[in-house]
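Next up is a structure, given as structure tokens.
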Protein chains: 2
Amino acid sequence: MPEKEPSQAREDKGTNSTGAVTTGKSLRADARRNRERILDVATKVFATEGLEVPIDEIANRAGIGIGTVYRHFPTKEELIEAVVFSFKQRLIEKAREMLEQDPGQAFFHFLSLIVREGTGNKALIAALARSGADIRRPLSGISLDFQNALGELLNCAQQAGSVRNDIQVTDITAILFGVMRTLEYNDDSGLAERILLVVRDGLRGHC
Amino acid sequence: MPEKEPSQAREDKGTNSTGAVTTGKSLRADARRNRERILDVATKVFATEGLEVPIDEIANRAGIGIGTVYRHFPTKEELIEAVVFSFKQRLIEKAREMLEQDPGQAFFHFLSLIVREGTGNKALIAALARSGADIRRPLSGISLDFQNALGELLNCAQQAGSVRNDIQVTDITAILFGVMRTLEYNDDSGLAERILLVVRDGLRGHC
DNA sequence: AAAAAAACGGAACCATTACTCCGTTTATTA
DNA sequence: TAATAAACGGAGTAATGGTTCCGTTTTTTT
């Protein structure tokens with residue numbers, strides 16, 4: 001009698017080039033549902049309350065056991081990464097779209113967009129912090145993609161003379177990081193506007 | 001027979017208007033020595049390693065028991081306040097001195113000074129963060145003094161036309177906070193220079 | 001120098017949080 | 001629908017870090 005073997009060689013979860021987990025067909029129905037739900041809740045909670053919210057809290061709000069959360073995302077870090085990933089992905093997409101516009105406009109519009117979206121979204125701020133905090137650490141995956149997208153906008157703007165030349169992408173990331181951090185505790189959009197004004201004029205340079 | 005009474009009504013520790021603990025004569029010799037030592041060590045450790053360093057660590061490095069630290073500073077918060085206080089005090093003094101200079105110069109020199117001193121000093125960054133993070137919360141004590149000192153420099157600079165007029169002190173505090181935070185993880189002074197350049201030009205305004 | 005007061009030291013306590021383990025439940029398969 | 005595999009849930013574990021308590025030591029007073 002032939003040995004029992006896994007009835008159908010289920011395809012494994014894999015990771016695509018960008019680092020996102022490709023949700024293959026291999027998950028059981030309830031599992032896929034739960035995974036989705038966790039991600040949903042985590043995204044909202046992280047955005048409104050910050051990354052320090054304990055996993056238990058997220059599990060509770062999702063109406064799901066802690067163990068389940070950990071099966072899907074073996075560490076808190078990985079859950080955060082997953083959430084952060086989609087935020088960055090969306091921004092990258094926006095950046096690409098903007099490349100159509102006038103170079104100077106594009107760059108500054110992108111900055112505005114980030115600031116606007118970031119105001120009041122602690123998860124997004126953290127996402128940017130993760131690629132902007134320590135600019136010496138080489139990036140990879142989605143963070144690198146993001147930096148490249150931003151870099152392209154910057155380059156174009158510089159070539160068009162809309163942004164000073166003595167500035168690099170990493171400087172922008174760093175500045176962005178600072179602005180975000182400031183806005184983390186001040187969701188006043190008036191402040192955001194004024195800071196953006198200063199940054200904008202400063203980036204144009206030589207008065 | 002008369003009841004025993006405290007031989008000498010020792011003067012109590014009090015707090016002066018700025019919030020600093022006035023070290024009266026009431027402390028025993030070893031106590032005063034220890035208090036000083038704790039403050040010294042804490043200042044250095046907080047500066048180089050940040051405020052997250054546990055109290056135990058500070059006690060150990062000072063060669064003093066944990067209990068002793070807590071007798072002098074009933075909560076970690078109070079120890080931090082004490083450290084932060086002296087940093088701010090020094091900055092305020094500098095600000096006053098600078099008022100002598102040309103208004104525009106004074107203001108920008110002060111910004112440079114803070115950035116220079118802040119680069120690599122996590123305690124100082126935290127000190128500024130504490131008065132700049134949430135600009136809606138009304139300040140008091142030393143933080144208010146600091147804001148006022150900064151405000152005075154700003155006012156003069158604005159009246160002299162060296163700084164744009166659509167900006168308030170709290171905006172400066174916020175910007176400063178952001179810059180500091182950025183530099184917290186990047187002690188590269190080149191980056192500091194470039195960011196300062198952008199901020200400076202941005203604050204001058206209307207190109 | 002003895003008594004009283006002040007200060008010391010650090011083990012123990014408590015709260016928080018990330019993460020594990022395993023008995024139970026649910027989905028899938030045959 | 002019974003057997004099997006997959007996934008679930010949450011009590012329990014471990015590490016961390018702030019704070020308290022109290023027996024011991026040091027300083028000050030008489």
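This structure is a prediction, so every number in the text was calculated from the model and none was measured. Proteins come first, then strands; the chains are lettered A, B, ... in the order of their sequence lines, and each starts at number 1.
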Between A:F73 (CZ) and C:dT17 (C1'), how many Å, whole number?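 So the two atoms are 19 Å apart, to the nearest Å.
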
Comparing A:V53 and A:G67 on DNA chain C - which has the more 5′ nearest nucleotide: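 First, find each residue's nearest nucleotide; the 5'-ward one identifies A:V53.
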
Distance in angstrom units between A:K76 NZ and C:dT16 P, rounded: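 In whole Å, C:dT16 P and A:K76 NZ are 15 Å from each other.
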
B:R28 side chain, from C-beta outward: closest of C:dA6, C:dC19, D:dA7: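 Among C:dA6, C:dC19, D:dA7, the one nearest the side chain of B:R28 is C:dA6.
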
Length of the line joining B:N60:CG and C:dA11:C1', which is rounded to integer Å: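 Rounded to the whole Å, the gap is 14 Å.
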
B:T68 side-chain N/O to C:dA7 phosphate OP1/OP2 under 4.0 Å: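 No, no such contact exists.
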
For A:A31 and for B:E77, locate the closest nucleotide of DNA chain D by heavy-atom distance; then report the residue assigned to the nucleotide nearer the 5' terminus.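 The residue mapped nearer the 5' terminus is A:A31.
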
Is a side-chain donor or acceptor of A:K76 paired with a backbone partner of A:L51 at a separation under 3.5 angstrom?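 Checking the backbone N and O of A:L51 against the side chain of A:K76, a donor-acceptor pair under 3.5 Å is found.
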
Output yes when a side-chain donor or acceptor of A:Q158 lies under 3.5 Å from a complementary backbone atom of A:I167, and no otherwise.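 Indeed, once roles are kept as given, a pair shorter than 3.5 Å links the two residues.
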
Look at A:H72 and D:dC8 and indicate whether a side-chain polar atom (N or O) is within less than 4.0 Å of OP1 or OP2.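 Yes, A:H72 has a side-chain N/O under 4.0 Å of OP1/OP2 on D:dC8.
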
Starting at CZ of A:R33 and ending at P of C:dA27, how long is that distance when rounded to a whole Å?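 Those two atoms, CZ and P, are 7 Å apart.
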
Is there a donor-acceptor contact under 3.5 Å from the side chain of A:N60 to the main chain of A:E57?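 Not a single qualifying donor-acceptor pair exists.
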
With a 4.0 Å cutoff (strictly under), does any side-chain N or O of B:N34 reach OP1 or OP2 of C:dA7?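 So the side chain of B:N34 is outside the cut-off, no N or O lying under 4.0 Å from OP1 or OP2 of C:dA7.
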
Just how far, in rounded Å, is P of C:dG9 from CZ of B:R71?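 Whole-Å distance recorded here is 8 Å.
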
So that I can tick it off, tell me whether A:R32 and A:E36 are bridged by a salt bridge, with the cut-off set at under 4.0 angstrom between side-chain N and carboxylate O.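 Between A:R32 and A:E36 there is no salt bridge, as every charged N stays at least 4.0 Å from the carboxylate O atoms.
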
May I have the distance from A:Y70 (atom OH) to C:dT17 (atom C1'), rounded to whole angstrom?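 Taking OH of A:Y70 and C1' of C:dT17, I get 8 Å after rounding.
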
Any donor-acceptor pair under 3.5 Å linking the side chain of B:R164 with the backbone of B:G202?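 Checked: pair present.
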
Kindly point out which of C:dG9, D:dG17, C:dT17 is positioned nearest to the side chain of A:P54?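 Nearest to the side-chain atoms of A:P54, counting from C-beta on, is C:dT17.
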
Nearest whole angstrom, please: distance from the C1' of C:dG10 to the CD1 of B:I66.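 Whole-Å distance recorded here is 6 Å.
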
Given atom CG of B:D30 and atom P of D:dT24, what is their separation to the nearest angstrom?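 After rounding, the reported distance stands at 19 Å.
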
